[in-house]
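Just so it is clear, the model here is predicted, and its values are computed rather than measured. Throughout, a chain's letter reflects where its sequence line sits, starting with A, and its residues are numbered from 1.
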Amino acid sequence: MCGRAATAPVLSWNEYYQVMGFDLWLNFKPSYNVTPTQPLPCIRVEDGQRSAFVAKWGLIPSWAKDPKIGAQCSQARSDTVAEKPAFRAAFKKRCCLVAVTGFYEWDQHHIVKGRPKQPYYFTLQDGRPMTFAGLWESWVSPEQETIETCTIITCGPNEIMEPLHDRLPVILPSNLWDVWLDPGMDATVAGLVKDEFHTRQ
DNA sequence: CCAGACGTTGTT
DNA sequence: GTCTGG
DNA sequence: CCAGACGTTGTT
DNA sequence: GTCTGG
């Protein structure tokens with residue numbers, strides 16, 4: 001992973017879809033700056049098969065009366081996600097991958113360090129898309145409209161992020177995708193939260 | 001018992 | 001849905 | 001987090 | 001200044 005002053009992603013979405021192994025995804029409109037409540041491309045396992053879906057960023061728990069809570073549930077801390085009422089149900093049964101080409105993070109220490117106030121764009125060093133550990137949820141509105149949402153897991157910073165910011169999305173290497181997606185592997189998943197989340201990528 | 005929260009971030 | 005605070 | 005708004009009405 | 005929406 002590396003950070004640079006914010007610029008455009010390095011992979012086209014067509015290339016991205018190919019790398020991720022999915023067909024072109026007609027109902028997702030790529031964006032250079034996704035914000036909470038906007039759609040993100042996700043991957044989950046249904047009947048033992050990976051499938052792609054689009055979910056609004058910002059998890060709305062199934063019990064929510066007001067969907068606005070979703071905007072505040074755009075991230076879930078790795079150290080508490082298993083217990084928090086808003087996330088624990090999804091954590092047990094609805095882990096997903098969130099697929100992006102990169103992400104922005106603002107410089108938390110710009111004033112103290114005398115740096116310009118600006119966001120940085122982070123990608124993997126080789127420019128491949130990256131895959132966040134996420135959760136998804138399904139919420140039914142009073143009008144019986146179903147809304148699928150997602151959140152991303154965050155952990156502490158690695159050595160690259162640390163000078164800029166104290167949080168970092170959990171980026172799963174490809175050998176952990178199936179582990180994270182397996183709904184039957186609670187113990188392993190819990191282990192991931194405690195251990196792998198804090199390793200460096 | 002009922003009512004209300006349920007989350008993250010930041011903080012010169 | 002489930003927990004906490006009053 | 002940042003960006004952008006920042007009002008009024010009504011009241012089974 | 002502070003809240004809301006993205």
* Asked: Which is it for A:Ile153 and A:Gln75 under the side chain to side chain contact (heavy atoms under 4.5 Å, CB included) test, yes or no, and what are the steps along the way?
  -> CA-CA 6 Å; A:Ile153 314 285; A:Gln75 298 175 34; over 6 Å; no
* Nearest to side-chain heavy atoms of A:Lys84, which nucleotide of C:dG1, B:dT8, B:dT12 -> B:dT8
* To do: Under the side chain to side chain contact (heavy atoms under 4.5 Å, CB included) rule, what do A:Lys84 and A:Phe91 come out as? Steps first, then yes or no, please.
  => CA-CA 10 Å; A:Lys84 289 285 184 183; A:Phe91 179 72; over 6 Å; no
* Asked: Does the side chain of A:Gln144 come within less than 4.5 Å of A:Val140's, by heavy atoms?
  -> yes
* Asked: Looking only at atom C1', what distance separates D:dC2 and B:dT8, rounded to whole Å?
  -> 14 Å
* **Student check: side-chain heavy atoms of A:Val100 and A:Phe132 closer than 4.5 Å** => yes
* Given D:dA3, B:dC6, E:dG6, the nucleotide with the shortest approach to the side chain of A:Trp106 -> D:dA3
* To do: Decide yes or no for A:Arg94 and A:Glu148: does some side-chain heavy atom of the first lie under 4.5 Å from some side-chain heavy atom of the second?
  => no
* Under 4.5 Å between any side-chain heavy atoms of A:Val81 and A:Arg88, yes or no? -> no
* **Options D:dC2, B:dC6, B:dT8, nucleotide nearest the side-chain atoms of A:Phe87** => B:dT8
* To do: Could you tell me the separation between the NE2 atom of A:His110 and the P atom of B:dT12, rounded to a whole number of Å?
  => 10 Å
* Are any of the side-chain heavy atoms of A:Pro61 and A:Ile69 separated by less than 4.5 Å? -> yes
* Asked: So, is A:Lys68 close to the E:dT4 phosphate, meaning a side-chain N or O under 4.0 Å from OP1 or OP2?
  -> no
* **Presence of A:Arg77 side-chain N/O under 4.0 Å of B:dT9 phosphate oxygens OP1/OP2** => yes
* Rounded distance in Å - CZ (A:Arg167) to P (B:dT8) -> 8 Å
* Do A:Trp63 and the base of C:dT2 stack face to face, with centres under 5.5 Å apart and an angle between planes under 30°? -> no
* Asked: Taking the six-membered ring for Trp, is the centroid-to-centroid distance between A:Trp136 and A:Phe53 below 6.0 Å?
  -> yes
* **Spacing between A:Asp66 atom CG and B:dC6 atom C1', to the nearest angstrom** => 12 Å
* Asked: Can you tell me how far P of B:dT8 sits from CH2 of A:Trp57, to the nearest Å?
  -> 14 Å
* Asked: Base, sugar-phosphate, or nothing: which does A:Lys113 touch, judged by heavy atoms less than 4.0 Å apart?
  -> nothing
* Asked: Can a side chain N or O of A:Gln75 be found less than 4.0 Å away from OP1 or OP2 on D:dC1?
  -> no
* **Interatomic distance where CD1 belongs to A:Ile152 and P belongs to D:dC1 [whole Å]** => 16 Å
* A:Glu137 has an atom CD; how far is it from atom P of B:dC6, in whole Å? -> 18 Å
* **Rounded distance (Å) that lies between atom P of B:dT12 and atom CZ of A:Arg115** => 16 Å
* Consecutive-pair stems (at least three Watson-Crick or G-U pairs, under 3.5 Å) that include DNA chain B -> B:1-6 with C:1-6
* Asked: Does a nitrogen or oxygen in the side chain of A:Thr154 sit under 4.0 Å from OP1 or OP2 of B:dT9?
  -> yes
* **Atom C1', compared across D:dT9 and E:dT2: separation rounded to whole Å** => 24 Å
* To do: Using the C1' atom as the reference point in each nucleotide, state the distance between B:dG4 and D:dG10 in Å, no decimals.
  => 25 Å
* side-chain N/O A:His109 vs B:dG10 OP1/OP2, d < 4.0 Å -> no
* To do: Report the distance from atom CD of A:Gln108 to atom P of B:dT8, rounded to the nearest whole Å.
  => 15 Å
* Asked: So which nucleotide from B:dT12, C:dG1, B:dG10 ends up closest to the side chain of A:Pro85?
  -> C:dG1
* Rounding to the closest angstrom, what is the interatomic distance between E:dG6 and B:dA3 at atom C1'? -> 30 Å
* Asked: What interatomic distance, in whole Å, is found between P of D:dC1 and the corresponding atom of B:dT11?
  -> 7 Å
* **Shortest non-hydrogen contact from A:Ser74 toward A:Pro36** => CB-CG, 3.9 Å
